[in-house]
Each structure stands twice: as structure tokens, then as C-alpha cells.
Enquirer: 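For reference, the structure I am asking about is given below.
Count residues from 1 along the sequence.
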Amino acid sequence: MSDPVRVVPAAGEVADTARALLDLADDPQHVRTVNGGAEFEVPEYLADKYNAKRTPKKRAIKKEDG
């Protein structure tokens with residue numbers, strides 16, 4: 001497995017972040033808490049899945065002529 005990626009939730013979002021990571025993980029053991037439970041270490045594949053789910057899709061804006 002590659003080096004772990006650290007996920008740092010926003011204040012008050014630790015539980016929601018944990019649930020999202022666990023839902024996306026191939027194996028629950030891929031989600032580890034660090035820093036007293038305030039942060040998570042996950043494999044790169046899981047960080048990629050998590051970021052893709054969190055990042056809103058950008059939509060192209062159609063410009064109208066004249």
C-alpha cells in the first residue's frame with residue numbers, strides 16, 4: 001500500500017467525515033484515526049474517492065452571442 005494520506009475534517013465535522021470515509025472504504029480497517037481522533041489516515045485510493053465525492057462538479061457556462 002502507498003503512503004497514507006491525512007484527512008483533516010473541518011471543525012464539527014469529524015463524525016460526518018468518519019462516516020463518509022467508512023462508507024467509501026473497501027475495508028473499514030483502511031480508516032485510521034490519528035491526532036487524538038481529530039484526523040484520519042487513509043490509503044490514497046480512499047482519499048481520491050473522498051475528494052471526488054466532496055468536490056462539486058463544475059459545469060460549463062454557455063455564452064450566448066449578441
Side-chain angles (χ1 to χ4, degrees):
M1 191 165 9
S2 63
D3 290 334
V5 176
R6 189 158 295 194
V7 176
V8 181
E13 294 186 9
V14 173
D16 291 338
T17 302
R19 175 55 40 211
L21 289 169
L22 289 167
D23 287 346
L24 294 169
D26 292 345
D27 183 331
Q29 293 182 3
H30 291 171
V31 181
R32 294 182 34 216
T33 58
V34 293
N35 195 20
E39 300 174 1
F40 303 92
E41 278 188 351
V42 299
E44 189 173 352
Y45 87 87
L46 183 49
D48 290 344
K49 281 181 164 181
Y50 178 70
N51 285 331
K53 186 169 179 96
R54 288 181 18 131
T55 306
K57 303 287 185 213
K58 295 189 180 192
R59 295 175 30 162
I61 297 174
K62 182 178 178 183
K63 292 185 179 181
E64 294 184 24
D65 291 333

Enquirer: Can you confirm whether R6 is buried at CZ, in the sense that more than 12 heavy atoms of other residues, nucleotides or ligands lie under 6.0 Å from that atom?
Expert: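 It does: R6 CZ has more than 12 such atoms within range.
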Enquirer: Can you give me the closest heavy-atom contact between T33 and F40, atom names plus distance?
Expert: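 Scanning both residues, the minimum pair turns out to be CG2-CE2, 3.7 Å.
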Enquirer: List the steps and the verdict of side chain to side chain contact (heavy atoms under 4.5 Å, CB included) for V42 and R32.
Expert: CA-CA 6 Å; V42 299; R32 294 182 34 216; over 6 Å; no
Enquirer: With rounding to the nearest 0.5 angstrom, report the CG to CG distance, L46 to D27.
Expert: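 That separation rounds to 10.5 Å.
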Enquirer: Under 3.5 Å, side chain of Y45 to main-chain N/O of D26, donor-acceptor pair present?
Expert: yes
Enquirer: Checking side chain to side chain contact (heavy atoms under 4.5 Å, CB included) between Y50 and each of V7, V31, V5, which is the one that passes?
Expert: V7
Enquirer: How many angstroms lie between atom NZ of K49 and atom CG of L21, to the nearest 0.5 angstrom?
Expert: 11.0 Å
Enquirer: Looking at P9 and A38, what are the two nearest heavy atoms and their distance?
Expert: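 Answer, listing the atom of P9 first, then A38: CD-O, 3.3 Å.
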Enquirer: Just verifying a value: how many Å separate E44 CD and D3 CG, rounded to the nearest 0.5 Å?
Expert: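 Between atom CD of E44 and atom CG of D3 there are 9.0 Å.
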Enquirer: To the nearest 0.5 Å, tell me how far E41 CD sits from N35 CG.
Expert: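 That separation rounds to 10.0 Å.
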Enquirer: Could I get the full list of side-chain hydrogen bond (donor to acceptor under 3.5 Å, both in side chains) partners for D23, not counting sequence neighbours?
Expert: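 In terms of side-chain hydrogen bond (donor to acceptor under 3.5 Å, both in side chains), with neighbours along the sequence ignored, D23 is linked to R19.
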